[in-house]
Amino acid sequence: MTRTDEAESFFYAVYSAIQEIPYGKVTSYGHIAALIGTPQRPRQVGLCLKHLSTDPSLPHHNGNVPWQRVVNSKGIISPRGHPSGAANQAQVLRGEGVTVSTRNLGELIVDFAEYGWFPRQLPSDEAAGLDPHIMSDDED
DNA sequence: TCAGTGACGGGAT
DNA sequence: CATCCCGCCACTG
């Protein structure tokens with residue numbers, strides 16, 4: 001593979017963090033990036049999802065990584081060039097009770113005030129006894 | 001090799 | 001509000 005070891009661990013961290021998003025909740029690419037200690041790389045988080053495998057034999061694949069629970073900082077599902085992909089993501093989210101509304105221009109948006117999940121650190125890290133080290137958080 | 005691209009985000013204009 | 005711009009860096013052709 002083309003991936004370097006560092007990229008490999010980054011992919012692993014991203015997928016693991018996404019697996020901690022609770023059912024029926026959503027968070028942003030940027031927040032996932034911040035949670036794993038690389039706040040400057042939200043774009044790479046998106047790249048990880050783009051390349052998420054469908055192969056169930058791998059440790060991380062679209063069957064055990066809730067990719068649908070990641071949207072952009074505005075709560076909008078990334079169209080990523082092809083509307084049907086976003087539409088599909090919206091359906092999966094609705095399937096777990098998340099309200100996804102459609103705005104005039106066609107964007108599918110989720111209300112963070114109701115469904116947002118923005119912990120200051122990964123629950124797994126907290127359980128391991130690590131101190132908070134990210135943002136001071138704020139919400140609406 | 002090399003230059004473009006992009007499931008993003010925040011700050012500036 | 002809307003745009004533009006830059007940082008980021010694996011992936012692609």
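Reminder, nothing fancy here: chain letters follow the sequence lines and each chain counts from 1.
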What residues, two or more places apart in sequence or in another chain, satisfy side chain to side chain contact (heavy atoms under 4.5 Å, CB included) together with A:Asn104?
none
Selection [range] - residue pairs positive for side chain to side chain donor-acceptor pair (under 3.5 Å), sequence neighbours left out:
range	value
residues 12-24 of chain A	A:Glu20-A:Ser124
residues 110-119 of chain A	A:Thr99-A:Tyr115
residues 35-52 of chain A	none

Could you state the atom-to-atom distance from CD1 of A:Ile36 to P of C:dC9 in whole Å?
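A:Ile36 atom CD1 is separated from C:dC9 atom P by 12 Å.
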Send over the distance from A:Asp5 CG to C:dC9 P, rounded to a whole Å.
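Computing the A:Asp5:CG to C:dC9:P distance gives 16 Å.
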Once base and sugar-phosphate atoms are separated, protein heavy atoms under 4.0 Å mark nucleotides 6-13 of chain B, 5' to 3', with B, S and - as BBBS----
Write down the distance separating the P atoms in B:dT1 and C:dC8, rounded off to the nearest Å.
24 Å
Could you give the distance separating B:dA7 and C:dA2 at their C1' atoms, to the nearest angstrom?
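Roughly 22 Å separates the two C1' atoms.
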With ILVMFWY side chains joined below 4.5 Å, transitively, what does A:Ile109's cluster contain besides itself?
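A:Ile109 clusters with A:Ile76.
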Roughly how far, to the nearest 0.5 Å, is the CH2 atom of A:Trp67 from the NE2 atom of A:His61?
14.0 Å
